[in-house]
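Everything below concerns the one structure shown next.
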Amino acid sequence: MAAVSGLVRRPLQQVTVRDAINQGMDEELERDEKVFLLGEEVAQYDGAYKVSRGLWKKYGDKRIIDTPISEMGFAGIAVGAAMAGLRPICEFMTFNFSMQAIDQVINSAAKTYYMSGGLQPVPIVFRGPNGASAGVAAQHSQCFASWYGHCPGLKVVSPWSSEDAKGLIKSAVRDNNPVVMLENELMYGVPFEFPAEAQSKDFLIPIGKAKIERQGTHITVVSHSRPVGHCMEAATVLSKEGIECEVINMRTIRPMDIETIEASVMKTNHLITVEGGWPQFGVGAEICARIMEGISEKLVLEYSQAVINIVYLNTYWIRRLKPAFSPRSCVQFPGCSRCSCHWC
Amino acid sequence: MRKMLAAVSRVLSGAAQKPASRVLVASRNFANDATFEIKKCDLHRLEEGPPVTTVLTREDGLKYYRMMQTVRRMELKADQLYKQKIIRGFCHLCDGQEACCVGLEAGINPTDHLITAYRAHGFTFTRGLSVREILAELTGRKGGCAKGKGGSMHMYAKNFYGGNGIVGAQVPLGAGIALACKYNGKDEVCLTLYGDGAANQGQIFEAYNMAALWKLPCIFICENNRYGMGTSVERAAASTDYYKRGDFIPGLRVDGMDILCVREATRFAAAYCRSGKGPILMELQTYRYHGHSMSDPGVSYRTREEIQEVRSKSDPIMLLKDRMVNNNLASVEELKEIDVEVRKEIEDAAQFATADPEPPLEELGYHIYSSDPPFEVRGANQWIKFKSVS
């Protein structure tokens, strides 16, 4: 009997990333009445990508606010509200539009706690889709992980799975610091298995901690957001050839969990970074710099094997060219080095 | 005039019945208050404006005089310390504009909120910080209100949100604070200040739009001192009627050199906002004696004659002093005594600001994040580490 019941497993709940973020925001709105959401089309339209579906019906005009198309203005209003003690979630329809408001994010939000000598915290969340989508052209495809990741005073998170999305949005709302959450539009509709603990209203994922999605011994593959999925697929393909990848999902860009990456590289001696941003001054460049700084103290690397940075090129390419150069195919040829930088 | 004499005689007969110990300054009896006529404000989209007469009590008059004189002397001391290179970096002085900061404070409650740009020392004082803390912050010492890490443009106090370095960015912030006031339902208002230069920033118009749409209790205040750095208003703005620039937002243009005018206009504007009608705009016409900052002598884009004329005809402290003395609210000696006390306070504060130590290097990495456990921060190279405590 015991053997049979052990074999019969309850099916794990399948939740899309969109619903996970929705759940996370709903729970935080319910938990603390100082939390509110503002942005373009977040209320009556149910969210440009339907991420805030149902929230306006439940919470009304006071807590879910449709703004005019005024990024600099409403981001500043959100930061001011946070300074006065509320806990806003400020949505950018995409992070490309956050460039209009970037002064408020960096100069008004990120730097204030430091400049006030610890007197004025700014408990705000900026969230929205980041990086490439499907054929939306260069102006709508930029990845802001390295731009925001550059700035002290900010925390920057980048979820991949539904569990990541829910846990991170909840942690972000509860954090007393400005947090930028970089989602991905193409991930919104992707379902993931939701573990039991993720269904709790107090499920949090700590900001600043990476997750090892797949254990391996031969190569460390580090990524964030949607590319993590590609790395997992590539790892499955490589595994058939006897190459075991250790796939690390960064989850947080800043503060970066370099310890997890270092420990993995010490084990495997090989590192590949995969991201959706441009190669120069990017997330992968920062990881390489930190690994190099760590070498003298801790790591023994085989110097013949350079670190490989793999970067998506979709911002400049029309769709049909993309598959030929996708990281999937690159990873299958570990002998190549620097596969993308010529184009940028 | 007749009303005023009647009031004075009424009060004097009352004073005669008071015990001798309550008679101030030798055998002199002062009036308790006096009524003054003030300039009518130009109005935009308003049927009525602030009253054209106001009552100033002796107590208030002395308070305003002391506050304005403190701000004036504090700014002049900052000028001196800057020239001695004890204050470095940015230093934007507001001498000439004292009626604005003191008058605004007189028209609101301590529970109301205020945010301004970088010419902020006067507001920092009127919002409750001491001259000591302000000067020590200017000199970058650990006794400064931001522990020496903010400097001239980043001073914060309760219900005072700085001190903001980016021109115009404070205006949406102020609208956000007003949103929080409305959200919390506490009848508080937010005074959101900006200058004539900043008035042309796009984000201000975005803030106007949202404040009006959502009826935020925000008083937008343009401190028009005629020059944005070195560019006069005629050379910067197609419309220099700053009180009308809010378009759908009602506005008033106020004589910013007369503290009573500023106070009445502020009371009027605050009452408007508190009644739930939405935002309102005030333009304070004022003047700064110093250049834009300490690195600007202030005479390449305006004449010395102009500065001198304002100083001799419209100085806010002189105007208040004349009013008080001529209406028996105070004596010249009494005000001189206040001057002496203020000078001493400023001297002591300057001593402290010069002698206090700078924040220790170990604290360089402090206050990066709020409410977090301590962590390590990379220094100039990978072997230098700083500890960061919240």
Side-chain angles (χ1 to χ4, degrees), chain A residues 33-34 36 38 61-63 65 67-86 88 100-101 103-104 106-123 152-155 174-178 207-208 255 289-290 292-294 296-297, chain B residues 113 115 137 142 144-151 153-157 159 161-166 169-181 183-184 190 192 202-211 213-214 216 359 365-372 375 377-378 381-382 389-390:
Chain A
E33 58 178 38
K34 294 204 284 292
F36 70 99
L38 87 168
D61 286 330
K62 180 181 174 183
R63 314 275 308 278
I65 304 176
T67 64
I69 306 175
S70 311
E71 273 76 8
M72 200 166 182
F74 71 71
I77 283 179
V79 175
M83 287 181 176
L86 297 183
Q100 312 230 293
D103 173 68
Q104 297 287 5
I106 309 296
N107 281 323
S108 301
K111 297 180 184 174
T112 295
Y113 191 69
Y114 186 87
M115 289 193 302
S116 64
L119 287 179
Q120 179 64 72
V122 185
L154 271 190
K155 294 192 181 179
R174 296 189 195 191
D175 200 305
N176 285 337
N177 295 288
I207 296 180
R290 297 235 205 152
M292 290 298 145
E293 286 187 344
S296 48
E297 290 170 38
Chain B
H113 307 260
I115 187 170
E137 185 59 37
K142 69 182 214 295
C145 52
K147 304 190 177 70
K149 294 171 87 169
M153 304 190 294
H154 308 289
M155 303 196 209
Y156 297 80
N159 297 340
Y161 303 83
N164 288 276
I166 306 296
Q170 77 278 9
V171 179
L173 293 182
I177 296 163
L179 187 144
C181 290
Y183 194 101
N184 291 329
C190 181
T192 302
Q203 55 187 317
I204 294 187
F205 295 88
E206 296 187 9
Y208 288 159
N209 182 37
M210 286 183 270
L213 259 182
W214 301 333
L216 303 181
Y366 282 22
H367 311 122
I368 291 179
Y369 291 136
S370 165
S371 327
D372 268 15
F375 64 98
V377 181
R378 185 188 191 275
N381 61 49
Q382 70 252 42
V389 171
S390 278

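So that the names make sense, note that chain A is the first sequence line, chain B the second, and so on, each numbered from 1. Computation of the quantities below employed the complete heavy-atom set of this structure, encompassing side-chain atoms and omitting hydrogens, waters and symmetry-equivalent molecules. None of these values were measured; they are calculated from a predicted model.
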| request: Identify which part of B:Tyr156 has an atom lying under 4.5 Å from any heavy atom of chain A, answering side chain, backbone, both or neither. | output: both

| message | When you measure from the side chain of B:Gln170 to the backbone of B:Gly163, do you find a donor-acceptor pair of N or O atoms at a distance under 3.5 Å? | response | no

| When heavy-atom pairs shorter than 4.5 Å are enumerated against chain B, which of A:Met83, A:Lys62, A:Arg63, A:Lys34 gives the highest number? | A:Lys62

| Given A:Asn177, which of B:Ser390, B:Ser370, B:Ser371 fulfils the side chain to side chain contact (heavy atoms under 4.5 Å, CB included) condition? | B:Ser370

| With side chains defined as the heavy atoms from C-beta onward, is the minimum distance between A:Phe74 and A:Ile65 less than 4.5 Å? | no

| field | Interface residue of largest heavy-atom contact number with chain A, from B:Ala178, B:Gly162, B:Gly174, B:Ala180, under 4.5 Å | value | B:Ala180

| request: Sort A:Glu71 into side chain, backbone, both or neither according to what part of it lies under 4.5 angstrom from a heavy atom of chain B. | output: backbone

| query | Of the backbone (N, CA, C, O) and the side chain (C-beta and beyond), which part of B:Asn164 lies under 4.5 Å from a heavy atom of chain A, both, or neither? | reply | neither

| query | What residue in B:His367, B:Lys149, B:Glu137 has the most heavy-atom pairs under 4.5 Å with chain A? | reply | B:His367

| said: Is the shortest side-chain heavy-atom distance between B:Trp214 and B:Leu179 below 4.5 Å? | reply: yes

| query | Contact part of A:Ile69 toward chain B, heavy-atom cut-off under 4.5 Å: side chain, backbone, both or neither? | reply | neither

| query | Does some side-chain heavy atom of A:Lys155 sit less than 4.5 Å from a side-chain heavy atom of A:Pro255? | reply | yes

| Check: A:Gln100 side chain, A:Met72 main-chain N or O, donor-acceptor pair, under 3.5 Å | no

| remark: Cut-off 4.5 Å, heavy atoms of chain A, and the answer for B:Tyr366 is backbone

| A:Pro88 versus A:Ala82, closest heavy-atom pair with distance | CD-CB, 3.7 Å

| message | For chain A, which candidate among B:Met153, B:His154, B:Lys147, B:His113 shows the most heavy-atom pairs at distances under 4.5 Å? | response | B:His154

| said: Using heavy-atom distances under 4.5 Å, tell me whether B:Asn184 contacts chain A through its side chain, its backbone, both, or neither. | reply: side chain

| task | Please look at A:Pro178 and chain B and tell me whether the side chain, the backbone, both or neither of the residue comes under 4.5 angstrom of a heavy atom of that chain. | result | neither

| query | Between A:Asn176 and chain B, which part of the residue has a heavy atom less than 4.5 Å away: side chain, backbone, both or neither? | reply | both

| remark: Ranked by heavy-atom pairs below 4.5 Å to chain B, first place among A:Ser70, A:Ala75, A:Pro68 goes to A:Ser70

| request: Name the member of A:Gly153, A:Gly208, A:Pro121 that forms the most heavy-atom pairs with chain B at distances under 4.5 Å. | output: A:Gly153

| note | Under 4.5 Å to a heavy atom of chain A? For B:Ile204 that would be neither

| note | For A:Gly80 and B:Ile177, the nearest pair of non-hydrogen atoms, with its separation, is O-CG1, 3.5 Å

| said: Please classify the contact between B:Cys145 and chain A as side chain, backbone, both or neither, with a heavy-atom cut-off of under 4.5 Å. | reply: backbone

| message | Counting heavy-atom pairs closer than 4.5 Å to chain B, which one of A:Asp103, A:Val122, A:Asp175 comes out on top? | response | A:Asp103

Would you give me the side-chain donor-acceptor pairs under 3.5 Å for residues 109-119 of chain A, sequence neighbours excluded?
unit_1	atom_1	unit_2	atom_2	d
A:Lys111	NZ	A:Asn107	OD1	2.8
A:Thr112	OG1	A:Ser108	O	2.5
A:Tyr114	OH	B:Leu364	O	2.6
A:Ser116	OG	A:Thr112	O	3.0
A:Ser116	OG	A:Tyr113	O	3.1
A:Ser116	OG	A:Leu119	N	3.2
A:Ser116	OG	A:Gln120	N	3.0

| task | Run the salt-bridge test on A:Glu293 and B:Arg378 with the 4.0 Å N-O cut-off and return the result as yes or no. | result | yes

| query | Will you find, in the side chains of A:Gln104 and B:Gln203, an N or O donor that is under 3.5 Å from an N or O acceptor? | reply | yes

| remark: Cut-off 4.5 Å, heavy atoms of chain A, and the answer for B:Ile166 is side chain

